[in-house]
Amino acid sequence: KQAKRYPPLEGYLRHLLIVKLQATESSIAFVSKQLIRCPWGDSSKQCGALICRIMLKACRSGRYKSIQAVAAVAAKLRRHKPEVSVRLLDCALEELQQAMEFPSFKEQQRTLTLVRLLGELYGVSLASGQLVIQQLFKFINFGHDIPEALRDASEKLADKAQE
């Protein structure tokens, strides 16, 4: 099988996020500094979308331990390039929604990876607690009807908890 050829920027980003990135503070700091130096001003390169796509690929590529490092890099980029953290969170939520709508046995590991990424993004304060609770609510209630009496009771409990 012949290796894929990527454009230079994409190849370097893949190297940084998939090969170099580890769950150590020095690795996270190095990778985040290198990502800030990317050509963000060049609209033809679309750095934000490319980095987000490769971050998700790094999470799914079989290195389960790299999920925490990807979330830490996104948190470090938040101050300089908030686009990356927003795109990453949005892509993860979209893929989770798609996984719920079209369940597949072979995609279960990918779904678990995305849920762990959502948890790690919550851990570094990129996702709100309310968003995580809403996503859990979707997991529980997706695909079946809830009796009206149970729905009313749970809404009353939720209202009391917010007060």
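The model shown is predicted, which means the values in this text are computed figures rather than measured ones. Hydrogens, waters and symmetry mates are skipped; everything else that's a heavy atom, side chains included, is used. One-based numbering along the sequence shown.
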### Query
Can V84 and W40 be said to form a side-chain contact (heavy atoms from CB on, under 4.5 Å), step by step?
CA-CA 11 Å; V84 173; W40 292 91; 3.3 Å; yes
### Message
Is there a continuous path of hydrophobic side-chain contacts, each under 4.5 Å between heavy atoms, that joins F137 to L121?
### Response
no
### Task
Can you establish whether the number of heavy atoms outside F142 located under 6.0 Å from its atom CZ is more than 12?
yes
### Query
Does a side-chain heavy-atom distance below 4.5 Å link R14 with K57?
yes
### Query
What are the two closest non-hydrogen atoms of I67 and L117, and how far apart are they?
CG2-CA, 3.6 Å
## Note on the structure
The reported gap from CD in Q98 to CD in E107 (rounded to nearest 0.5 angstrom) is 8.5 Å
### Task
Would you kindly confirm whether M55 and V124 end up in one hydrophobic cluster when ILVMFWY residues are joined by side chain heavy atoms under 4.5 Å apart?
yes
### Task
Step through the shown structure and confirm whether more than 12 heavy atoms of other residues, nucleotides or ligands are within 6.0 Å of CD on Q68.
no
### Message
Donor-acceptor check, side chain of S27 to backbone of T24, threshold 3.5 angstrom: yes or no?
### Response
no
### Query
How far does CD of Q22 sit from OG of S66, to the nearest 0.5 angstrom?
10.0 Å
### Task
Drop me the distance from S32's OG to L16's CG, to the nearest 0.5 angstrom.
10.0 Å
### Query
Roughly how far, to the nearest 0.5 Å, is OH of Y6 from NE2 of H15?
14.5 Å
### Message
If hydrophobic clusters are built from ILVMFWY residues whose side chains come within less than 4.5 Å, do L114 and I133 share one?
### Response
yes
## Note on the structure
Taking every heavy atom of T113 against every heavy atom of C59, the minimum-distance pair comes out as CG2-O, 3.2 Å
### Query
In the single-linkage hydrophobic clustering (I, L, V, M, F, W, Y; side-chain heavy atoms under 4.5 Å), do L112 and L56 co-cluster?
no
#### Entry: Residues Q97, K138; criterion side-chain contact (heavy atoms from CB on, under 4.5 Å); working and verdict
CA-CA 9 Å; Q97 184 67 30; K138 283 181 187 177; 3.9 Å; yes
### Query
How close do S85 and A74 get, heavy atom to heavy atom, and via which atoms?
CB-O, 4.1 Å
## Note on the structure
For C91 and C52, the nearest pair of non-hydrogen atoms, with its separation, is SG-SG, 3.5 Å
### Query
Looking at A75 and L126, what are the two nearest heavy atoms and their distance?
N-CD1, 3.7 Å
### Query
Should V73 and Y122 be counted in the same cluster of Ile, Leu, Val, Met, Phe, Trp and Tyr side chains packed under 4.5 Å apart?
yes
### Query
side-chain contact (heavy atoms from CB on, under 4.5 Å) between L118 and L93: does it pass, once the steps are laid out?
CA-CA 8 Å; L118 182 62; L93 290 173; 4.1 Å; yes
### Message
Taking CD in Q130 as the centre, count heavy atoms belonging to other residues, nucleotides or ligands within less than 6.0 Å. Is the count above 12?
### Response
no
### Task
State the CD1-SG distance between I36 and C38, to the nearest 0.5 angstrom.
9.5 Å
### Message
Around atom CD of Q134, are there more than 12 heavy atoms from other residues, nucleotides or ligands closer than 6.0 Å?
### Response
yes
### Task
Can you measure from CD (E83) to CZ (R78) and round to the nearest 0.5 angstrom?
15.5 Å
### Message
Let's go through L21 and F30 carefully: what are the C-alpha distance in whole Å and the side-chain angles of both, what is the deciding distance for side-chain contact (heavy atoms from CB on, under 4.5 Å) to 0.1 Å, and is it a yes or a no?
### Response
CA-CA 9 Å; L21 184 61; F30 174 76; over 6 Å; no
### Query
Any idea which heavy atoms bring L17 and I51 closest together, and the distance?
CD1-O, 4.1 Å
### Task
Considering only NZ, NE, NH1 and NH2 on the basic side and carboxylate oxygens on the acidic side, decide whether K45 and E10 come within less than 4.0 Å.
no
### Message
Looking at Y64, is its backbone amide N or carbonyl O close enough to the side chain of R116 to form a donor-acceptor pair, meaning the two atoms are under 3.5 Å apart?
### Response
yes
### Query
Looking at E95 and R60, does any basic side-chain N land under 4.0 Å from a carboxylate oxygen?
yes
